[in-house]
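Since the structure is predicted, the reported quantities are computational estimates derived from the model, not experimental observations. Count residues from 1 along the sequence.
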Amino acid sequence: MKKYTGRSVYGGIAIGRITVFKRQEIFVKRTHVADTEHELQRVEAAKEQALGQLRAVYEKALREVGETNAQIFEIHMMMLEDEDYNESIRNIIESQSVNAEYAIAATSDNFTEMFSSMEDAYMQARAADVCDISNRMLRNLHTDSGEQMMHDEKVIICADDLAPSETVLLDKEKVLAFVTAHGSSNSHTAILARNMNIPAIIGVGDTFMKEINNGDEAIVDGFTGEIFINPDTETLQQLLEKQRSDEKKKKLLQELKGKENVTLDGTQINIYANIGSVENIGAVLLNDAGGIGLFRSEFLYLESKDFPTEEQQFAVYKKVLESMAGKKVIIRTMDIGADKQVDYFGLKKEENPAMGYRAIRICLTRPEIFRTQLRALYRASAYGNLGIMFPMITSTAELQQILEICDTVRSELRGEGAEISETVELGVMIETPAAAIISDLLAPMVDFFSVGTNDLTQYTLACDRQNPEIEPFCDTHHEAILRLISMSAENAHKHGAWIGICGELAADTSLTETFLRMGIDELSVSPSFVLKVRETVRGIDLSE
């Protein structure tokens, strides 16, 4: 047995035989031509054929993965009509008197290199789109559309990489999973895989492709990013059990999807999801969450080599809001510090970082970072139902300073003519005992509270959440923690604010009834726990 590891694109267990996908290799030679006009006509014919093919792929994608995800093929059609792209091909043919194939390949190489050299990860991923449309035209010039990927049995597709059009053309009824040696998690191929619900792993490496063969038995673990080739009996049994467990959860999903989060006595509660990136939105929708209760924006900073720009942040926030189609999305301002260290922030080493320079304390002392994020958030607010919440609040003075900065940012954006929503909710996290104790003073200043039970437990019990040695002393059900949550709920409602819980305790179904009796309005959990919590809520009777 051999094991390889890549990056998970979509979770799930697939067990079956491998089919190695190799697209037809097109060897392009540079040939001198006398009739350049004829070559230009060949390019135009190949382009028109490609446009027709892309329209057909778009219609298939529209049926299978929805309008948002089918838009990539509209973009491909636009790229085929791009003036700079076509002018480059024309110029190479006319100035060098060369064949159409060479001109297309050279243009593809130049544009791909240009996109790949950009710092923005999204733009880097567009290099694959340029290759896709160029290869399509080259295939058409060679009279082979390369569109067929049919199989007689269900298989695991393994490839160096897959273009978006190739991914859509996969017959979902015959494909168990796909694994690629290369690929980007920002690519449209990865996004399409998530929306097609196909277990997928990318970035396994070139060695993987060299060592596998058609017909090899394999297991793909889309949850961990592992693929096992010719697995032994023990591994097979373990993964079969994991597959059965996953199928059971999916069956539960089908039974509970679309049902209300309502108790037996009619009490309603919102069940939202916690995520850390755009890539997790598919899991939010798949598990039927009512919204996003915590979008951890700090991952934008953790995954970047420098401070993410306003435009980079705006693009991410806009995408999340659009994808959730009007459902509530609560984005937490960056919670950098403590266990989330970023080199380019230049933070000093601290003896006790969990209680040090972190989160809102960085934002208020380095306002240029804070203002950039707020500008991006407010600009994105025009595209959905946004809530902004601030972590690590300990005083009304901090909150007053935050609200003043928000007012200034909104005024600036309006002055620039930017469209922003007038209904953005502002909230604070209750994750310090100080915030819970003065919750009666904080509540009139905001629209909502969200209880971060992980840090609230740490600070209340003086138990470092990173230290495994004191785990026996860390009682997450401690009466002091529950009282602080209850106090916060009472004060929130007294002043017209709503309250949710976004920490790990939100998914602890042994406490669900306790939280509902406190008056908690929303529970935000990892996407995979949404249905488990819904099931628990629907079995509670608060009238008893």
Side-chain angles (χ1 to χ4, degrees), residues 21-62 69-118 120 122-149 159-170 182-184 187-189 192:
F21 169 66
K22 292 185 178 179
R23 62 182 62 84
Q24 180 192 27
E25 292 189 36
I26 301 173
F27 297 97
V28 175
K29 293 183 179 180
R30 188 179 190 275
T31 306
H32 182 272
V33 297
D35 189 352
T36 57
E37 186 59 37
H38 175 66
E39 295 305 304
L40 292 172
Q41 290 173 359
R42 292 182 67 220
V43 169
E44 190 62 28
K47 185 176 79 173
E48 288 303 314
Q49 187 178 355
L51 287 169
Q53 292 164 347
L54 284 168
R55 289 188 193 99
V57 175
Y58 171 78
E59 292 298 328
K60 186 176 190 294
L62 199 63
N69 295 292
Q71 285 176 351
I72 176 57
F73 303 110
E74 287 189 313
I75 294 171
H76 279 198
M77 285 186 266
M78 292 171 61
M79 291 173 78
L80 275 171
E81 300 280 20
D82 181 74
E83 185 176 343
D84 291 333
Y85 178 79
N86 284 284
E87 182 58 32
S88 173
I89 295 172
R90 172 181 288 275
N91 182 62
I92 291 172
I93 291 174
E94 292 182 334
S95 64
Q96 300 181 38
S97 297
V98 293
N99 55 318
E101 289 88 346
Y102 177 81
I104 292 171
T107 296
S108 177
D109 289 344
N110 293 337
F111 275 64
T112 297
E113 184 177 354
M114 176 183 69
F115 281 120
S116 297
S117 65
M118 293 182 178
D120 185 273
Y122 178 83
M123 296 307 295
Q124 289 174 356
R126 301 292 69 75
D129 297 329
V130 174
C131 287
D132 196 7
I133 63 168
S134 301
N135 287 335
R136 181 177 291 278
M137 288 181 50
L138 290 171
R139 287 197 302 269
N140 290 341
L141 287 171
H142 281 258
T143 67
D144 181 1
S145 69
E147 298 282 70
Q148 298 301 316
M149 291 179 66
D160 287 323
D161 201 355
L162 287 169
S165 56
E166 291 166 341
T167 306
V168 165
L169 289 168
L170 293 170
H182 305 289
S184 162
S187 71
H188 287 291
T189 298
L192 287 167

Checklist outcome for this item: Smallest heavy-atom separation, Ala46 atom then Asn140 atom, equals O-ND2, 3.3 Å
Next on the checklist: Set out, in order, the CA-CA distance, both residues' side-chain angles and the distance that settles side chain to side chain contact (heavy atoms under 4.5 Å, CB included) for Val98 and Ile92, then state yes or no.
Outcome noted: CA-CA 7 Å; Val98 293; Ile92 291 172; 3.7 Å; yes
Next on the checklist: For Asp161 versus His182, what's the shortest heavy-atom pair and its separation?
Outcome noted: OD1-O, 4.1 Å
Checklist outcome for this item: Between the CD1 atom in Ile133 and the CD atom in Gln53, the distance rounded to the nearest 0.5 Å is 12.5 Å
Checklist entry - Measuring from Glu39:CD to Ile93:CD1, what's the distance to the nearest 0.5 Å? => result 6.0 Å
Checklist outcome for this item: CG (Leu80) and CE (Met78) are apart, to the nearest 0.5 Å, by 11.5 Å
Item to check | Derivation and outcome, side chain to side chain contact (heavy atoms under 4.5 Å, CB included), residues Asp82 and Asp84 | outcome: CA-CA 6 Å; Asp82 181 74; Asp84 291 333; 3.4 Å; yes
Checklist outcome for this item: What one should report as the nearest heavy-atom pair of His32 and Gln96 is CD2-O, 4.4 Å
Item to check | Pairs where residues 87-110 contributes a residue and the test salt bridge (Lys or Arg N to Asp or Glu O under 4.0 Å) is met, not counting sequence neighbours | outcome: Arg42-Glu101, Arg90-Glu94
Checklist entry - Does Asn99 reach the main-chain N or O of Lys29 with its side chain, forming a donor-acceptor pair under 3.5 Å? => result yes
Checklist entry - Residues in side-chain hydrogen bond (donor to acceptor under 3.5 Å, both in side chains) with Gln41, at least two apart? => result none
Item to check | Pair His76-Asp129, side chain to side chain donor-acceptor pair (under 3.5 Å): steps then yes or no | outcome: CA-CA 7 Å; His76 279 198; Asp129 297 329; 3.2 Å; yes
Next on the checklist: Test your reading of the model: is there a side-chain donor-acceptor pair from Asn110 to the backbone of Ala106, 3.5 Å cut-off?
Outcome noted: yes
Checklist entry - For Glu44, which residues count as a salt bridge (charged side-chain N to carboxylate O under 4.0 Å, His left out) partner, sequence neighbours excluded? => result Lys47
Item to check | With sequence neighbours excluded, residues passing side-chain hydrogen bond (donor to acceptor under 3.5 Å, both in side chains) with Thr107 | outcome: Ser88
Item to check | Glu83, CD: over 12 other non-hydrogen atoms inside 6.0 angstrom | outcome: no
Checklist outcome for this item: The reported gap from CG in Leu54 to CD in Glu59 (rounded to nearest 0.5 angstrom) is 12.0 Å
Checklist entry - Sub-3.5 Å donor-acceptor pair from the side chain of Ser108 to the main-chain atoms of Ile104, do we have one? => result no
Item to check | Least distance between heavy atoms, Ser97 atom then Thr36 atom | outcome: CA-CG2, 4.0 Å
Item to check | Contacts of Tyr85 that satisfy side-chain hydrogen bond (donor to acceptor under 3.5 Å, both in side chains) - sequence neighbours left out | outcome: Ser134
Next on the checklist: Working to the nearest 0.5 angstrom, can you tell me the gap between Leu162 CG and Asp132 CG?
Outcome noted: 10.5 Å
Next on the checklist: I need the Leu138 CG to Tyr102 OH distance, nearest 0.5 Å.
Outcome noted: 13.0 Å
Item to check | Counterpart residues, side-chain hydrogen bond (donor to acceptor under 3.5 Å, both in side chains), relative to Arg55 (two or more places apart) | outcome: none
Next on the checklist: Does atom CD (Glu48) have a neighbourhood of more than 12 heavy atoms from anything else shown, all under 6.0 Å?
Outcome noted: yes
